[in-house]
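Step one of this worksheet: look at the structure below.
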2 protein chains.
Amino acid sequence: MTTITVLLVDDHLVVRSGLKALLGTQPDFDVVAEAASGEEALELVEHHSPAVVVMDLAMGAGMDGIEAIRQLRQRNSRQAILVFTTYDSDADIVRAVDAGAMGYLLKDAAPDEIFAAIRGAVQGKSVMSAPVASRLFQQLRNPDEVLTPREAELLSLLTEGLSNRELGQRLFISEATVKTHLAHIYAKLGVETRAAAIATAIRREGMR
Amino acid sequence: MTTITVLLVDDHLVVRSGLKALLGTQPDFDVVAEAASGEEALELVEHHSPAVVVMDLAMGAGMDGIEAIRQLRQRNSRQAILVFTTYDSDADIVRAVDAGAMGYLLKDAAPDEIFAAIRGAVQGKSVMSAPVASRLFQQLRNPDEVLTPREAELLSLLTEGLSNRELGQRLFISEATVKTHLAHIYAKLGVETRAAAIATAIRREGMR
DNA sequence: AGCAGCATCAGCCAAAAGGCGGAGAGACCA
DNA sequence: TGGTCTCTCCGCCTTTTGGCTGATGCTGCT
């Protein structure tokens, strides 16, 4: 039986402790280091070269989880990266996978699920919590509902409460174009007003 | 030295484990039970009568933390209740204190801070994390910015994306009244459009 | 070459939202 | 009792938003 070295990355001490205690019950896991921020994670990966990095996405100040994953990937490191976070927002999932995450777990996952995900990750298997998988699945089935990059950009600004005029100025496009984009966004999100679009975006797409 | 019995309430296993491990390092703490939901918390308080209940506010499905606190208080139980959560939204803080919480800690609090809060709580002292205290303080200094109950109710519905007409129907008031309330809400939140109000509400007031 | 998707813009019109001032009823408190 | 909040409502007017139709240039794919 090979020992799997693990680096934990989470800005909350209690979560790190809990995860460490949990992984400690398994003979094949060895938590070699813990990081409280993205920056620290990059450093510690250098020093310890863990087989798996278990990382939260939300990370208080500084570099967030997504950015940390991206940078780890760029440094040609061969760690398997597992996302371990509270929310299953569409945007986060897509961005994490895009950045190079091997799996995506929710914090309310059962211990066995977590163990299986880590063991799978070192073997190159992709494991994710059921709600996460179902969201990804839905996106694949309904590609019509996926926002274009420009639309996503607009939606992001929309959640700051800007008016059509302000959106146009910010993006250097006419108000007419803003309206066109908005109409498409509403259709894709299944809403009819900007108010509902903002609510949906912040809650469902995780645009906080 | 008296032993302080503690009940942990959090829907995330890792958080409970971490907190338990953390409290285990102190000789005067004894975690006598753990609950994963508000309902379970009420039961376990009956059976164990812990001196302190450490409780998360967000609790997946079912009864949330605020409601659990309220019900505990109604049952004339003498437990000190400590909120231990991730967010420091204005609304949550006020509602938790209102429901009868003794203290309010953030999950990124230092261990010593957590220990001190628990020990203080059994002695009737109120302890809260610095960011939480600062928010409460600000509310006291600017009472003009505190929403009335009705306004808060309206704002909550607003974040669902309802139109003025729908708001009126939902609350059994005229559209004119809705507009009046909205104008007051905008002024208090420091915004000028409903879009910005929604954004502010969801992000700052934690109305998800 | 042709077609689909994306981003850009226009005009027109109806509906919704927002700003302004004013006002009455009930609750609560000094 | 008088003052202050809070909640309720009105009218008028301007601005903003949303629905609809249609159009252009670009890219990428077939």
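Note on naming: letters A, B, ... go to the chains in the order of the sequence lines (proteins, then strands), and numbering restarts at 1 for each one. Bear in mind the structure is a predicted one, so any value in this text is a computation, not a measurement.
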Phosphate-side-chain proximity, N164(B) and dA17(C), N/O vs OP1/OP2 below 4.0 Å
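The answer is yes; a side-chain N or O of N164(B) sits under 4.0 Å from OP1 or OP2.
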
Does OP1 or OP2 of dA16(C) have a side-chain N or O of T193(A) closer than 4.0 Å?
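So the side-chain polar atoms of T193(A) never come under 4.0 Å of the phosphate oxygens OP1 or OP2 of dA16(C).
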
Donor on one side chain, acceptor on other, D28(B) and T3(B), under 3.5 Å:
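Result is no, nothing qualifies.
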
Could you walk me through whether T180(A) and T177(A) pass the side chain to side chain donor-acceptor pair (under 3.5 Å) test, one step at a time?
CA-CA 5 Å; T180(A) 304; T177(A) 307; 5.7 Å; no

Atom [atom1] of [X] and atom [atom2] of [N]: how far apart are they, to the nearest Å?
| X | N | atom1 | atom2 | result |
| --- | --- | --- | --- | --- |
| E151(B) | dT8(D) | CD | P | 10 Å |
| R165(B) | dA14(C) | CZ | C1' | 12 Å |
| R194(B) | dA15(C) | CZ | P | 17 Å |

Any heavy-atom pair between the side chains of V54(A) and V6(A) that's under 4.5 Å?
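Heavy-atom side-chain distance check passes, below 4.5 Å.
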
Under 4.0 Å, heavy atom to any atom of DNA chain C: which of residues 167-186 of chain A qualify?
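Contacting residues: I173(A), S174(A), A176(A), T177(A), T180(A), H181(A).
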
Taking atom CD as the centre, does Q26(B) end up with more than 12 heavy-atom neighbours from other residues, nucleotides or ligands that are less than 6.0 angstrom away?
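Correct, the count exceeds 12.
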
Report the residue from K20(B), K107(B), R16(B) that forms a salt bridge (Lys or Arg N to Asp or Glu O under 4.0 Å) with D10(B).
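Of K20(B), K107(B), R16(B), salt bridge (Lys or Arg N to Asp or Glu O under 4.0 Å) with D10(B) is met by K107(B) alone.
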
Please determine, for the side chain of R150(A), which listed nucleotide (dG18(C), dT6(D), dT8(C)) has the closest atom?
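In terms of side-chain proximity for R150(A), the closest of dG18(C), dT6(D), dT8(C) is dT8(C).
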
Rounded to the nearest 0.5 Å, how far apart are CG of L167(A) and OG of S174(A)?
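Between atom CG of L167(A) and atom OG of S174(A) there are 11.5 Å.
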
